[in-house]
Amino acid sequence: IDIPRIDLNAADSAMFDTLPGIGGYFASKMVEYRKRLGGYSCPEQLMEIYHFDKEKYDALSDLVEVRTPPRPFRLWTLPVDSLRMHPHIRDYRTAKAIVLYRENNPASALTVEGLAEAGIIDRETAMKLSRCIIR
């Protein structure tokens, strides 16, 4: 039986609700998190949702995919107030530090790894942020 996979960037909460182990609560969280991310870059980003653990992910990983590309995250051009809205940046201090970093470094140094090396974000955040399509 060929079961069509659900595109994480095109599905609505009703479609997510059909997945095993996903009820209305997680279906709405999946849509909300997609909006905050600007779209999923990979299915593993589901595990970044609060209480969405590996067990829950493993139960549906073969039923989901990313066909529709996400919007690129404009890490190197967005103002502080927009940066802080991203789930991997989350606060004003980090967003402000990113702006200061990009204003004081050459374009060649503007990398997620550079942010981690400068101590602006931790390694775990850098790993999560590097999954995003950054422009």
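Here the structure is a predicted model, which is why all the values come from computation and not from measurement.
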Within a strict 4.5 Å, meaning less than it, do heavy atoms of the [X] and [Y] side chains meet?
| X | Y | result |
| --- | --- | --- |
| P87 | Y33 | yes |
| S41 | V66 | no |
| E48 | Q45 | yes |
| L75 | I89 | yes |
| I22 | M30 | yes |
| H86 | F73 | yes |
| V80 | Y92 | yes |
| I121 | H88 | no |

Please answer whether the main-chain N or O of [Y] pairs with a side-chain N or O of [X] as donor and acceptor at a distance below 3.5 Å.
| X | Y | value |
| --- | --- | --- |
| S130 | A126 | yes |
| R84 | P79 | no |
| R34 | L8 | yes |
| S28 | Y25 | yes |
| D17 | A27 | no |

Please give me the minimum heavy-atom distance between [X] and [Y], naming the atom from each residue.
| X | Y | answer |
| --- | --- | --- |
| Y57 | P43 | CE1-O, 3.4 Å |
| P69 | N9 | C-ND2, 4.1 Å |
| A109 | N105 | CB-CB, 4.1 Å |
| R5 | V64 | NH2-O, 2.7 Å |
| L129 | I134 | O-CD1, 3.6 Å |
| R131 | C42 | CD-SG, 3.6 Å |

*For the pair E32 and K29, evaluate salt bridge (Lys or Arg N to Asp or Glu O under 4.0 Å) and give the outcome as yes or no after the intermediate values.*
CA-CA 5 Å; E32 177 188 321; K29 290 296 178 192; 3.6 Å; yes
*Between T125 and D122, is a side chain to side chain donor-acceptor pair (under 3.5 Å) present by the stated rule, with each step listed?*
CA-CA 5 Å; T125 302; D122 60 35; 2.8 Å; yes
*Stepwise salt bridge (Lys or Arg N to Asp or Glu O under 4.0 Å) check, E113 with R123*: CA-CA 8 Å; E113 183 63 29; R123 292 286 172 195; 2.5 Å; yes
Give, for atom [atom1] of [X] and atom [atom2] of [Y], the distance between the pair rounded to the nearest 0.5 Å.
| X | Y | atom1 | atom2 | answer |
| --- | --- | --- | --- | --- |
| R135 | T77 | CZ | OG1 | 6.5 Å |
| T94 | D91 | OG1 | CG | 3.5 Å |
| L100 | I120 | CG | CD1 | 8.0 Å |

*Find out if a path of hydrophobic residues (ILVMFWY) with successive side-chain heavy-atom gaps under 4.5 Å connects L60 to M47.*
yes
*Would F16 end up clustered with L37 when hydrophobic side chains under 4.5 Å apart are linked, directly or stepwise?*
yes
*Does the gap between the ring centers of F52 and F26 come in under 6.0 Å?*
yes
*So W76 and Y101, would you call those rings parallel, tilted or perpendicular, with 30° and 60° as cut-offs?*
tilted
*Please say whether more than 12 non-hydrogen atoms of neighbouring residues, nucleotides or ligands are located less than 6.0 Å from CE in M127.*
yes
*Might you confirm whether atom CD of E103 has over 12 heavy atoms from other residues, nucleotides or ligands at distances under 6.0 Å?*
yes
*Given L63 and I6, is the side-chain contact (heavy atoms from CB on, under 4.5 Å) satisfied, shown in steps?*
CA-CA 6 Å; L63 302 173; I6 294 175; 5.9 Å; no
